[in-house]
Number of protein chains: 2
Amino acid sequence: MDTEKSCTITEIAKCYHKSERSIRIVLERIGDKWSMLVLLLLAEHGTVRFHEFDNMIDGISQKVLSNTLKTLETDGLINRKVYPVVPPKVEYTLTELGTGLVPPVKTLVDWACMHSKDILESRQKHL
Amino acid sequence: MDTEKSCTITEIAKCYHKSERSIRIVLERIGDKWSMLVLLLLAEHGTVRFHEFDNMIDGISQKVLSNTLKTLETDGLINRKVYPVVPPKVEYTLTELGTGLVPPVKTLVDWACMHSKDILESRQKHL
DNA sequence: CAGCATCCACGCGGATACTG
DNA sequence: CAGTATCCGCGTGGATGCTG
């Protein structure tokens with residue numbers, strides 16, 4: 001019943017507030033501050049370690065990075081591979097599912113880049 | 001300097017935390033609870049009035065709907081047309097900019113519909 | 001190195017009541 | 001009809017310090 005074959009927006013609107021809806025999950029993941037950035041960095045670099053994320057992403061804290069990675073893993077979008085060595089080594093990669101999400105997200109980001117001026121101008125006007 | 005022609009993710013990662021970045025603005029808009037639903041409903045219905053949104057969208061409050069519409073207007077994604085009659089009549093439509101955002105978002109929503117099972121299963125596993 | 005623990009501030013979203 | 005006004009709870013994100 002929650003297979004969500006009914007993908008007309010009008011249908012979705014009637015149960016959108018139920019937080020279990022996967023559409024909400026995906027959109028929330030996209031909207032949370034860092035998830036999509038992590039996803040796209042993985043798409044660009046293939047394999048990334050924790051401290052590499054920390055270096056690449058300016059302004060993120062370790063806790064938030066940790067949470068972001070954990071949630072992405074829970075949602076099946078990234079893999080976490082731990083090497084049993086000292087000092088510890090952990091590598092993150094995209095899953096197949098995560099890889100599939102990259103193109104649509106990239107399209108969106110490209111759109112944002114192209115129309116940044118329009119949006120910022122509109123904001124200026126309405127200030 | 002904030003023209004954001006540099007659209008490699010690695011570049012974006014270095015200034016992503018600055019909230020003025022339009023990429024963040026767009027992703028936030030997508031991530032906030034109702035904006036994309038409103039956008040897609042407009043894409044499906046063309047013109048929608050305030051109380052029609054209220055009826056179509058289950059679980060939204062008037063205040064939140066009002067805020068959502070206001071922000072979308074500020075960002076230049078929707079138009080607000082007021083008819084000077086009693087009782088008041090206000091119609092919302094997509095702008096050109098907003099119309100352009102629809103296809104990428106729709107792609108994302110379709111992806112979410114198609115892979116909802118995968119995500120929910122993965123969540124189950126990791127609970 | 002790759003994190004967890006703790007504490008805190010802020011803002012979003014929700015509920016309810018009121019108005020031009 | 002199409003909103004505003006007010007109040008409130010909660011969760012996200014941030015800062016700092018500690019650990020296997």
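These numbers come from the heavy atoms of this one structure, side chains and all, not from hydrogens, waters or symmetry mates. First the proteins, then the strands, lettered A, B, ... as listed; each starts at 1.
- One distance of note links CG of A/L42 with OG1 of A/T95; it measures 10.0 Å at 0.5 Å rounding.
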Listing, residues 47-65 of chain A side-chain donor-acceptor contacts under 3.5 Å, not counting sequence neighbours, or none:
| unit_1 | atom_1 | unit_2 | atom_2 | d |
| --- | --- | --- | --- | --- |
| A/E52 | OE1 | A/R49 | N | 2.7 |
| A/N55 | ND2 | A/H51 | O | 3.3 |
| A/S61 | OG | A/V64 | N | 3.3 |

Distances for protein N/O vs nucleotides 17-20 of chain C N/O pairs under 3.5 angstrom?
none

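- With hydrogens and angles ignored, the 3.5 Å screen pairs no side-chain donor or acceptor of A/S122 with any backbone N or O of A/D118.
- Taken over five-pair windows at either terminus, the axes of the helix from C/dC1-D/dG20 to C/dG20-D/dC1 are inclined to one another by 50° (rounded to 10 degrees).
- The closest side-chain heavy-atom distance from B/R80 to B/V82 is below 4.5 Å.
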Each nucleotide N or O in nucleotides 7-14 of chain C that has a protein N or O under 3.5 Å away: list the pair and distance.
| unit_1 | atom_1 | unit_2 | atom_2 | d |
| --- | --- | --- | --- | --- |
| C/dG13 | OP1 | B/K33 | N | 2.9 |
| C/dG13 | N7 | B/K63 | NZ | 3.3 |
| C/dG14 | OP1 | B/K33 | NZ | 2.3 |
| C/dG14 | OP2 | B/W34 | NE1 | 3.0 |
| C/dG14 | O6 | B/K63 | NZ | 2.3 |

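- Atom OG1 in A/T71 sits 10.5 Å away from atom CD in A/E28 (nearest 0.5 Å).
- Taking CZ from B/R123 and CD1 from B/I119, the interatomic distance works out to 8.0 Å, rounded to the nearest 0.5 Å.
- In this structure the side chain of A/I12 reaches within 4.5 angstrom of the side chain of B/V109, judged on heavy atoms.
- In plain terms, the two heavy atoms of A/S35 and A/L72 that are nearest each other are O-CD1, 3.9 Å.
- B/Y92 comes within contact range of the sugar-phosphate backbone alone, with a heavy-atom separation under 4.0 Å but no base atom that close.
- By the 6.0 Å and 45° rule, B/R21 does not stack over the aromatic ring of B/Y16.
- Looking at every heavy atom in both residues, B/W111 comes nearest to A/P104 through CD1-CG, 4.3 Å.
- When DNA chain D is scanned 5' to 3' for any atom under 4.0 Å from a heavy atom of chain A, the first and last hits are D/dG13 to D/dG20.
- For A/A112 against B/V26, the heavy-atom pair with the smallest separation is CB-CG2, 3.7 Å.
- Rounded to the nearest 0.5 angstrom, A/L27 CG and B/L108 CG are separated by 6.5 Å.
- Between the CE atom of A/M114 and the CG atom of A/D110 there is a distance of 8.5 Å, given to the nearest 0.5 Å.
- A donor-acceptor distance shorter than 3.5 angstrom exists from the side chain of B/E44 to the backbone of A/I9, with no hydrogens or angles considered.
- Within residues 38-55 of chain B, the residues approached by DNA chain D to less than 4.0 Å at the level of any non-hydrogen atom are B/R49, B/F50, B/H51, in residue-number order.
- Here CG of B/L41 is found 4.5 Å from CG of B/L37. Values are rounded to the nearest 0.5 Å.
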